[in-house]
Amino acid sequence: MSINAEEISTLIKQQIANYEADLEVNDVGTVIEVGDGIARAHGLDNAMAGELLEFSNGVMGLAQNLEESNVGIVILGPYTGIKEGDEVRRTGRIMQVPVGEGLLGRVVNPLGQPIDGKGPIESTKTRPIEAQAPGVMDRKSVDEPLQTGIKAIDALVPIGRGQRELIIGDRQTGKTTLAVDTIINQKDQDMICIYVAIGQKESTVRGTVETFRRYGALENTIVVTAGASDPAPLLYLAPYAGVAMGEEFMYNGKHVLVVYDDLSKQAVAYRELSLLLRRPPGREAFPGDVFYLHSRLLERAAKLSDALGGGSLTALPFVETQAGDIGAYIPTNVISITDGQIFLQSDLFFSGVRPAINAGLSVSRVGGSAQIKAMKKVAGTLRLDLASFRELEAFSQFGSDLDKATQAKLNRGERTVEVLKQGLHKPLAVEKQVMIIYALTKGFLDDIPVEDILRFESEMNVWLDSNRAELLASIRETGGLPEASDMNDAIESFKKTFLPSNN
């Protein structure tokens, strides 16, 4: 077998022509210090802020401090297997989480990994956890109501889609219950919900998920949880992961509600990280950028313009106060960022007024324009009535004789407080809220004993469903108030059938 020189040269030329030199360049650094969930690495000169870095044992880290001689890295996982001298390499990716429909009904950690034992998440799309908030021209004013199903909120401090409303109060005053009931009320309202649990016990989160499942709200809800036993970086990242998942739906024209439960624990986790990274402490040892930590998160809540699909992302951040001190550092920071606050008071809670909403300190700055006309009409004087009742109540304790007008105000105030009470996990449709508040403000409840008010309401709702369904449908579909004669006739007709408990 003979091979001539020409064939050899042709073969060599083909090989040269087809030769591809794929160069792979990796930025690799060396760990020079590690401890308490923080590592410092030398040699990562091109690392970006917020970039994911990979240690030699597969654990991921987040580049936080970009200094001249080293990079401060927050370790997102167990750090005991990382030691001085280990390699750490750049991934070129900013921190991202999976997003999309596949996350609905699932419980995930802040990295988007499932922790509910239901197998992997079917999602091909990711979003960076840090994103720029929509600009002024990309937004429109809040004009659609977010019905919470809670009378005291929908009547006194209404929330609109795209709003940021702070829920603030001491521990064990019913903050989480407000959020859970609001999410339960969204199951038929074309709203996707994201519940971010920060620093809670796993058993508590499991109970909340079970409540969603029991009331049929889990199918349209994503639960993001960073437990009390998780490292501080995950508690810091959890709200950003939640809002990134919500933005995917918002930019596709859908409506999203994100609950951050609670941002006080996120601020404490961020303080821990900052002090370990040797950032200078400020007031109460929090870093100087703790305001920016929350503002860049909450500014991402928006009602998008019609040109961008008209989607919305509503934020309900929680902040825990100490002994009702809403003038503390983190509470005042978040109050100044949000569009209003709902203040839950311990004294009211322990006296049996639940939800324990303090109407005097609670406000919604933009929600009024989203409130349906019917509710705006019937609840217009409710806040003033409640405020004057609280003052008169304090005055009447001195035991002086009261004139008839003052006594009438006190009687109406007692019934107002009673009407605004609500049972656990019993959100109420807005049309039924309108009916009971109309009955209250028009004096139909003045002769009903206070202890019978809640029974009157529940029996009236059942009666209206059976006998005046068209009246309820009219309020629900038009948002307006039906003729006063029709409303009065319905309430009077029911009242004739109602038997007070002392009969």
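If you read the sequence from its start, that first residue is 1, and numbering goes on from there.
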Residues [X] and [Y]: side-chain donor-acceptor under 3.5 angstrom:
X	Y	result
Asp154	Thr148	yes
Glu144	Ser312	no
Asp170	Thr321	yes
Gln189	His255	no
Thr416	Asp385	no

Looking at residues at least two apart in the chain, or sitting in another chain, which of them share a salt bridge (charged side-chain N to carboxylate O under 4.0 Å, His left out) with Asp116?
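Asp116: salt bridge (charged side-chain N to carboxylate O under 4.0 Å, His left out) contacts with Arg106.
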
Under the side-chain contact (heavy atoms from CB on, under 4.5 Å) test against Glu165, which residue among Ile342, Ile153, Val366, Val363 passes?
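Considering Ile342, Ile153, Val366, Val363, a side-chain contact (heavy atoms from CB on, under 4.5 Å) with Glu165 is found only for Ile342.
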
My understanding is that only one of Thr208, Asn185, Leu424 makes a side-chain contact (heavy atoms from CB on, under 4.5 Å) with Val180; could you say which?
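Answer to the side-chain contact (heavy atoms from CB on, under 4.5 Å) test with Val180 among Thr208, Asn185, Leu424: Thr208.
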
Test item: [X] and [Y] side chains (from C-beta on) under 4.5 Å apart, heavy atoms:
X	Y	value
Val205	Val223	yes
Glu130	Arg296	yes
Asn411	Val450	no
Ile475	Val430	no
Val290	Asn333	yes
Leu361	Gln345	no
Leu237	Leu62	yes

Counting only heavy atoms not in [X], do more than 12 sit closer than 6.0 Å to its [atom1] atom?
X	atom1	answer
Lys377	NZ	no
Glu202	CD	no
Lys409	NZ	no
Asp403	CG	yes
Arg283	CZ	yes
Arg206	CZ	no

Which value, rounded to the nearest 0.5 Å, describes the distance between [X] atom [atom1] and [Y] atom [atom2]?
X	Y	atom1	atom2	result
Gln371	Leu146	CD	CG	12.5 Å
Ile183	Leu178	CD1	CG	11.0 Å
Leu263	Ile168	CG	CD1	11.0 Å
Leu156	Ile150	CG	CD1	12.0 Å

Backbone N or O of [Y] within a donor-acceptor pair of the [X] side chain at under 3.5 Å?
X	Y	result
Thr126	Gln96	no
Asn252	Phe249	no
Asn109	Thr225	no
Ser362	Asn358	yes
Lys187	Tyr215	yes
Glu51	Met48	yes
Ser369	Val142	yes
Arg383	Ala359	yes
Asp452	Arg455	no

SB check [X] [Y] (cutoff 4.0 Å):
X	Y	answer
Lys140	Asp306	yes
Glu219	Arg213	no
Glu67	Arg40	yes
Glu247	Arg300	yes
Asp339	Arg164	yes

Lys NZ or Arg CZ of Arg354 over Phe349 ring: under 6.0 Å, within 45°:
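Yes - Arg354 lies over the ring of Phe349, closer than 6.0 Å to its centre and within 45° of its axis.
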
Full working for salt bridge (charged side-chain N to carboxylate O under 4.0 Å, His left out) between Arg415 and Glu418
CA-CA 5 Å; Arg415 284 157 179 78; Glu418 201 66 23; over 6 Å; no

Can you tell which of Gln422, Lys432, Lys151, Gln433 makes a side chain to side chain donor-acceptor pair (under 3.5 Å) with Glu457?
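Output: one option passes, namely Lys151.
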
Intermediate values then yes/no, salt bridge (charged side-chain N to carboxylate O under 4.0 Å, His left out), Lys175 and Asp262:
CA-CA 9 Å; Lys175 299 191 295 296; Asp262 67 78; over 6 Å; no

Residues Glu284, Arg271; criterion salt bridge (charged side-chain N to carboxylate O under 4.0 Å, His left out); working and verdict:
CA-CA 10 Å; Glu284 292 176 28; Arg271 173 171 65 186; 5.4 Å; no

Pick out which of Phe286, Tyr240, Tyr236 makes a ring pair (Phe, Tyr, Trp, His ring centres under 6.0 Å) with Tyr270.
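Passing option: Tyr236.
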
Can you name the residues that form a side-chain contact (heavy atoms from CB on, under 4.5 Å) with Thr204, not counting sequence neighbours?
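With neighbours one apart ignored, the set is Gln200, Lys201.
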
